[in-house]
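Okay, so here's the structure we're looking at.
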Amino acid sequence: SNSEADEMAAALEAELNDFM
Amino acid sequence: TPSSSDVQLTEEAVRRYLIRKPMTTKDLLKKFQTKRTGLSSEQTVNVLAQILKRLNPERKNINEKMHFYLTE
């Protein structure tokens, strides 16, 4: 679903925020 | 018959996409949908995060959204 895609994108960006 | 995944989430696959054009996290996730890779949502996020950390792509904002890209 679209909301799942949004959640995954948010989770991925959160993972990367520590790094960037 | 065993279900076979037709898409693999690998560093090489991500690299090829990011060389072709800048992509957001959502664009990348669309390329590696769980139903096509056979991975769980959590696995997809974790693996993609690791790959992006290794590739360390350039970033730029397009239409106010952060995009990753790589140059050859």
Side-chain angles (χ1 to χ4, degrees), chain A, chain B residues 3-72:
Chain A
S1 72
N2 200 40
S3 69
E4 192 187 6
D6 286 336
E7 275 178 30
M8 287 174 70
L12 179 56
E13 280 160 29
E15 282 269 334
L16 293 171
N17 274 342
D18 299 334
F19 169 73
M20 287 172 189
Chain B
S3 66
S4 61
S5 51
D6 57 353
V7 171
Q8 286 196 330
L9 175 47
T10 62
E11 183 168 328
E12 181 55 24
V14 173
R15 201 178 67 80
R16 266 187 273 118
Y17 280 126
L18 294 182
I19 284 173
R20 204 178 301 159
K21 65 170 189 164
M23 299 179 98
T24 65
T25 52
K26 221 170 160 178
D27 294 333
L28 282 168
L29 288 165
K30 255 184 236 165
K31 297 293 185 188
F32 301 103
Q33 290 177 55
T34 55
K35 66 185 173 194
R36 302 194 65 192
T37 61
L39 299 177
S40 69
S41 299
E42 195 180 349
Q43 284 173 321
T44 301
V45 167
N46 289 339
V47 172
L48 201 44
Q50 282 171 27
I51 289 172
L52 288 170
K53 287 175 189 178
R54 270 203 303 273
L55 288 174
N56 193 20
E58 303 291 331
R59 296 155 201 124
K60 68 175 166 187
N61 282 318
I62 302 171
N63 298 327
E64 295 172 28
K65 283 183 186 166
M66 203 255 291
H67 288 64
F68 298 110
Y69 68 100
L70 288 168
T71 52
E72 278 188 279

Distance col, row A:L12:CG vs B:L48:CG, nearest 0.5 angstrom, shows 5.0 Å
Could you give the distance from CG (A:L16) to CE (B:M66), rounded to the nearest 0.5 Å? 7.0 Å
Within the supplied structure, the quantity of interest is the number of heavy atoms (other residues, nucleotides, ligands) at a distance under 6.0 Å from B:Q43 CD; does it exceed 12? yes
Please indicate whether B:E11 has more than 12 foreign heavy atoms, meaning atoms of other residues, nucleotides or ligands, lying under 6.0 Å from its CD. yes
Please flag which part of B:T34 lies under 4.5 Å from any non-hydrogen atom of chain A: side chain, backbone, both or neither. side chain
Considering non-hydrogen atoms only, spot the tightest contact between A:M8 and B:L29 and give its length. C-CD1, 3.6 Å
